Amino acid sequence: MLKVATRFAPSPTGPLHIGGVRTALFNWLYSKNQKGNFYLRIEDTDKERSKDEYKNQIIKSLKWIGINYDGEEYIQSTKIEDHIKVANQLLKNGYAYKCYCSNEEIEEQKKRARQKKIPYIYDRKWRDKKEADAPKDIRPVIRFKSKIDGTTILKDMVQGNVEIDNNTIEDFIILRNDGTPTYNLSASVDDHQMNMTHVIRGDDHKINTFKQIQIYEAMKWKLPAFAHIPLIHTIEGKKLSKRDKASTLDDYSKIGIMPDALRNYLLRLGWSYKDKEIFTLDESINFFNMEGIGKSPSKLDMSRILSMNEHYIKNIDENDLFIQLTEYCKLYKSEIKSDKKEKIKKSLTFLKNKAKTLEDIFNNGLYIIRDEVNFNKDDVKLIDEKARNVISDFNSQFEKIDIPSREILESIVNGLIKSHSTNFKGIGQPLRIALTGSKFGPGIYDIILSLGKEEVQKRLSAKIT
RNA sequence: GGUCCCUUCGUCUAUCGGUUAGGACACAUGGUUUUCAUCCAUGAAAGAGGGGUUCGAUUCCCCUAGGGACCGCCA
């Protein structure tokens with residue numbers, strides 16, 4: 001049995017979006033499940049639109065979510081000579097021909113097709129014409145001599161057998177009139193030269209597959225297995241595009257979605273394994289299979305991503321969470337000062353409890369991170385004369401404590417509840433606002449213990465003087 | 001318009017001819033709770049429509065409807 005090889009082949013003409021990431025993920029998981037290799041091929045033959053910036057973003061994105069490709073990136077533009085060679089071979093063997101139609105001629109045909117409301121398909125004018133009839137002033141393109149009769153069946157690992165009439169495939173161009181190869185040629189040659197055993201790609205490539213199969217057959221190459229996975233749709237039900245908001249990984253990482261959570265979400269989008277929802281990295285490799293891939297497109301659901309992230313926040317190792325949090329703050333907020341870092345780390349247990357994202361944890365911990373309390377305008381109004389007395393009484397008892405503990409704090413608060421003839425809220429709320437600036441937040445004992453004695457006194461004093 | 005694909009709760013999905021159609025997210029209600037959350041419990045919520053095949057169809061076949069993809073000298 002040949003060693004399984006898959007690839008992800010994006011073109012660096014725009015930022016990689018989440019649909020592409022899922023395609024990469026499926027390819028990667030399949031190859032790893034089969035103990036095979038996974039490669040990254042950058043299809044940068046569109047010189048006009050390809051940019052290094054996008055190539056780097058693609059590589060960075062894959063790395064971020066934990067998809068490692070084997071070997072170096074395969075840069076398609078460095079293989080153009082090979083593609084041209086194959087085109088010439090096809091020409092020599094009678095599987096391709098030179099087409100001398102002018103741009104105007106083609107445009108005219110397309111226009112007419114549109115008017116008649118019939119699908120445009122190149123009329124194969126030069127398929128059987130003699131070279132001698134060629135106009136001198138036109139540089140020809142090379143077209144593939146597509147099959148006219150019969151049907152072709154694509155045995156798709158996801159979609160089953162898909163059959164089309166060969167005459168619906170036109171004589172597509174394989175070499176432009178500037179001598180450069182087009183996508184279907186390049187992709188076929190590369191897949192063959194890279195020894196791909198499985199081509200897993202978006203549904204939108206299905207028609208291309210029929211063209212590529214013909215190239216393979218003409219070259220007498222062994223066909224890889226194909227799997228066309230359904231596309232991810234926007235909430236409106238359309239194909240996800242680069243223009244859609246929140247579609248690049250950066251859009252997710254900047255709001256504090258963690259790579260493992262997004263990986264897990266993407267895995268379950270269009271793929272399932274019984275009722276299982278949560279997959280560790282190892283589990284996703286072990287359980288991944290083609291049978292689990294659904295046939296219908298699925299919609300992106302932000303609340304699902306958020307809840308998946310929440311699950312990871314609450315369940316991963318706290319040291320790991322802390323590392324991810326500090327990295328996140330450094331990247332998107334501001335680097336947490338080292339003395340605050342310790343406090344945050346100790347407080348993670350309760351800070352994370354009310355968080356769906358790393359950004360939420362950051363916000364929950366802001367009262368620790370910031371030196372100055374940032375008061376909520378409405379909440380601070382709740383600190384009236386009565387509240388000031390509470391704070392003042394608490395502070396004078398708090399001063400006497402050497403090392404604050406939950407038990408001691410509890411007894412102080414309980415005492416105050418009695419002496420002020422109030423309830424817990426009557427004590428807790430003023431303290432919380434004085435210490436954090438808001439009436440919402442972690443439990444009051446957690447707040448006090450996380451800030452430390454000195455800081456608590458400083459903040460309380462500021463509110464009673 | 002042509003070709004191809006798809007169709008189970010709002011969303012992601014389970015079911016591989018016989019189930020009270022299950023789970024998860026979201027939602028609603030109740031409970032726990034010092035606030036906000038968490039957590040727990042409960043609830044509402046689905047087989048697009050019509051024909052077949054079959055003792056029996058969500059499941060197999062056909063038609064209709066709806067949705068999607070593709071239709072570049074882009075990839």
Side-chain angles (χ1 to χ4, degrees), chain A residues 9-14 42-46 48-50 76 99 101 103 106 110 113-114 116-121 139-143 154 156 158-160 162-165 167-170 172-184 186-187 201-208 210 228 230-231 233 235 237-239 265 268-278 291-292 294-308 310-311 314 350 352-356 360 364 379 413 417 423-429 431-433 436 438-445:
Chain A
S11 63
T13 54
I42 302 291
E43 304 209 326
D44 59 342
T45 50
D46 185 340
E48 302 282 299
R49 296 192 302 151
S50 292
Q76 187 166 61
C99 163
C101 286
N103 274 332
I106 298 290
K110 285 184 184 174
R114 243 177 288 139
K116 286 194 199 159
K117 294 208 169 199
I118 54 168
Y120 163 75
I121 182 162
R139 291 171 65 185
V141 297
I142 295 184
R143 288 181 183 270
L154 162 65
D156 195 282
V158 170
Q159 314 222 352
V162 183
E163 182 176 11
I164 61 154
D165 286 333
N167 64 23
T168 60
I169 304 294
E170 69 167 343
F172 55 96
I173 294 170
I174 54 177
L175 227 52
R176 300 183 185 97
N177 66 4
D178 65 0
T180 58
T182 61
Y183 168 72
N184 281 300
S186 297
R201 57 181 21 159
D203 209 5
D204 48 346
H205 278 287
K206 211 159 37 182
I207 293 295
N208 290 325
F210 287 97
H228 289 91
L231 302 174
H233 282 176
I235 210 75
K238 302 279 188 225
K239 174 182 169 181
Y265 171 78
R268 280 286 289 102
L269 191 65
W271 178 84
S272 63
Y273 182 80
K274 298 176 185 169
D275 273 349
K276 197 169 164 58
E277 298 283 351
I278 306 299
E291 294 75 48
K295 288 187 174 186
S296 53
S298 34
K299 289 178 186 147
L300 216 51
D301 180 0
M302 195 57 200
S303 71
R304 212 70 204 284
I305 297 175
L306 251 17
S307 79
M308 186 63 81
E310 184 179 11
H311 178 273
K314 287 182 180 151
F350 63 85
K352 74 177 183 182
N353 250 337
K354 35 185 52 173
K356 280 180 158 47
D360 289 344
N364 292 343
D379 294 345
V413 169
I417 290 172
N423 55 16
F424 195 101
K425 192 178 174 184
I427 310 299
Q429 195 173 70
L431 290 176
R432 176 179 289 109
I433 295 171
T436 71
S438 165
K439 66 177 172 179
F440 303 129
I444 188 64
Y445 302 132

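Chain naming here is simple, since letters A, B, ... match the order of the sequence lines and numbering starts at 1 in each. Owing to the predicted nature of the structure, the values given are computational and were not obtained by experimental measurement.
- Between Glu277(A) and Arg304(A) a salt bridge is recorded (basic side-chain N to carboxylate O distance below 4.0 Å).
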Inset, instruction - Take Thr180(A) and Thr45(A) through the side-chain contact (heavy atoms from CB on, under 4.5 Å) test and state the conclusion after the steps. - result: CA-CA 9 Å; Thr180(A) 58; Thr45(A) 50; over 6 Å; no

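- Picking from rC25(B), rA69(B), rU34(B) the nucleotide with the shortest atom distance to the side chain of Lys239(A) gives rA69(B).
- Spacing between rG66(B) and rA26(B) at atom C1', rounded to whole Å, works out to 25 Å.
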Under-3.5 Å N/O pairs linking protein and nucleotides 58-65 of chain B:
none

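- Closest contact between the side chain of Arg304(A) and the listed nucleotides rC12(B), rU34(B), rC4(B) involves rC12(B).
- Within the nucleic acid shown, Ser307(A) comes within 4.0 Å of sugar-phosphate atoms alone, with no base atom in reach, counting heavy atoms only.
- Distance from the side chain of Ser303(A) is smallest for rC25(B) among the nucleotides rC25(B), rA14(B), rA75(B).
- Between the CG atom of Asp275(A) and the C1' atom of rG23(B) there is a distance of 4 Å, given to the nearest Å.
- Distance, Ile169(A) CD1 to rG2(B) C1': 12 Å, rounded to whole Å.
- Regarding Ile278(A), its CD1 atom lies at a distance of 16 Å from the C1' atom of rA14(B), rounded to whole Å.
- The residue Ile444(A) sits close to a base: some heavy atom pair falls under 4.0 Å.
- Under the 30°/60° scheme for interplanar angles, the aromatic rings of His205(A) and Tyr183(A) are found to be tilted.
- The separation of rC6(B) from rC62(B), taken at their P atoms, amounts to 11 Å, rounded to a whole angstrom.
- Closest-nucleotide positions on RNA chain B for Gly292(A) and Phe424(A) were compared, and the one nearer the 5' end corresponds to Gly292(A).
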Any N/O pairs under 3.5 Å between the protein and nucleotides 36-41 of chain B? List them or say none.
from: rC36(B); atom 1: O2; to: Lys354(A); atom 2: NZ; distance (Å): 2.4
from: rC36(B); atom 1: N3; to: Lys354(A); atom 2: NZ; distance (Å): 2.7

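- Side chain of Lys206(A) to backbone of Asn208(A): no donor-acceptor contact under 3.5 angstrom is found.
- The separation between Asp46(A) atom CG and rC73(B) atom C1' is 11 Å, rounded to whole Å.
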Legend entry - Chi angles and distances behind the side-chain contact (heavy atoms from CB on, under 4.5 Å) call for Asn184(A), Phe172(A): CA-CA 9 Å; Asn184(A) 281 300; Phe172(A) 55 96; 4.2 Å; yes

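- Judged by distance alone, the side chain of Asn423(A) and the main-chain N or O of Lys425(A) form a donor-acceptor pair under 3.5 Å.
- Of the side-chain N and O atoms in Lys295(A), one or more sit less than 4.0 angstrom from OP1 or OP2 of rC6(B).
- Using a 4.0 Å heavy-atom criterion, one finds that Asn103(A) contacts the bases of the nucleic acid, with or without backbone contacts as well.
- Look at rC39(B): its Watson-Crick or wobble partner, with both distances under 3.5 angstrom, is rG31(B).
- Contact annotation for Asn208(A): base contact, defined as any heavy-atom pair under 4.0 Å involving a base atom.
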Inset, instruction - Take Leu269(A) and Leu300(A) through the side-chain contact (heavy atoms from CB on, under 4.5 Å) test and state the conclusion after the steps. - result: CA-CA 8 Å; Leu269(A) 191 65; Leu300(A) 216 51; 3.9 Å; yes

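- Base pairing of rA48(B) is made with rU64(B), judged by Watson-Crick or G-U wobble geometry with both donor-acceptor distances under 3.5 Å.
- With both pairing distances under 3.5 Å, rU20(B) is matched to nothing as a Watson-Crick or G-U wobble pair.
- Base pairing annotation: rU54(B) forms no Watson-Crick or G-U wobble pair, as no partner gives both donor-acceptor distances under 3.5 Å.
- The side chain of Pro297(A) has rC6(B) as its nearest neighbour among rC6(B), rA14(B), rA75(B).
- For Lys354(A) and Asp360(A), the salt-bridge test fails: no basic side-chain N is under 4.0 Å from an acidic carboxylate O.
- Side-chain contact, Thr436(A) with Ser438(A): no donor N or O sits under 3.5 Å from an acceptor N or O.
- Atom OH of Tyr265(A) is separated from atom P of rA26(B) by 13 Å (rounded to the nearest Å).
- Within the 4.5 Å cutoff, the side chain of Leu306(A) has no heavy atoms near those of the Met308(A) side chain.
- The same atom, C1', is picked in rU20(B) and in rG47(B); the two are 16 Å apart, to the nearest Å.
- In this structure, Asp203(A) and Gln159(A) have side chains that are in contact, with non-hydrogen atoms separated by less than 4.5 Å.
- Residue Ser298(A) places at least one side-chain N or O under 4.0 Å from the OP1 or OP2 atom of rU13(B).
- Within the 4.0 angstrom heavy-atom criterion, only backbone atoms of the sugar-phosphate kind lie near Asp204(A); the bases stay farther away.
- On the C1' atoms, rU8(B) is 10 Å away from rA14(B), given to the nearest whole Å.
- Atom-to-atom, CG of Asp156(A) to P of rC6(B) comes out at 10 Å; the value is rounded to the nearest Å.
- For the pair Arg432(A) CZ and rU34(B) P, the interatomic distance rounds to 11 Å; values are reported in whole Å.
- Listed candidates were rC5(B), rA24(B), rU13(B). Nearest to the side chain of Glu277(A) is rA24(B).
- Residue-level contact check: Ile173(A) touches the bases, meaning some heavy atom is under 4.0 Å from a base atom.
- At the heavy-atom level, Thr45(A) lies under 4.0 Å from the strands shown only through sugar-phosphate atoms.
- Among the atoms of the strands shown, only primed sugar atoms or phosphate atoms (P, OP1, OP2) are found under 4.0 Å from some heavy atom of Val162(A).
- Between Pro12(A) and Ser50(A) the shortest side-chain heavy-atom distance falls below 4.5 Å.
- For the OP1/OP2 pair of rC73(B) and a distance below 4.0 Å, the side-chain nitrogens and oxygens of Thr182(A) include no atom meeting the criterion.
- Within the shown strands, rC71(B) is the pairing partner of rG1(B) under the Watson-Crick or G-U definition, both distances less than 3.5 Å.
- Between rC5(B) and rA45(B), the distance separating the two C1' atoms is 28 Å to the nearest Å.
- Residue contacts shown for Gln76(A) are limited to sugar-phosphate atoms, with no base heavy atom under 4.0 Å away.
- Judged by distance alone with a 3.5 Å cut-off, no donor-acceptor contact links the side chain of Asp203(A) to the base of rC6(B).
- Summarising the geometry, the separation between CG on Leu231(A) and C1' on rC4(B) is reported as 13 Å, rounded to the nearest angstrom.
- Using atom P as the reference point in both rC60(B) and rA69(B), the two lie 25 Å apart (nearest Å).
- Residue-level contact check: Glu170(A) touches neither bases nor backbone, having no heavy atom under 4.0 Å from any strand.
- Residues Leu154(A) and His228(A) are in side-chain contact: their nearest non-hydrogen atoms beyond the backbone lie under 4.5 Å apart.
- As judged by a 4.0 angstrom heavy-atom cut-off over every strand, His228(A) is placed among residues making no nucleic acid contact.
- If you find the closest nucleotide of RNA chain B to Glu163(A) and to Tyr273(A), the one lying nearer the 5' end belongs to Glu163(A).
- rG50(B) and rU59(B): their P atoms are spaced 12 Å apart (whole Å).
- Of the candidate nucleotides rC6(B), rC4(B), rA24(B), rC6(B) has the atom nearest to the side chain of Ser296(A).
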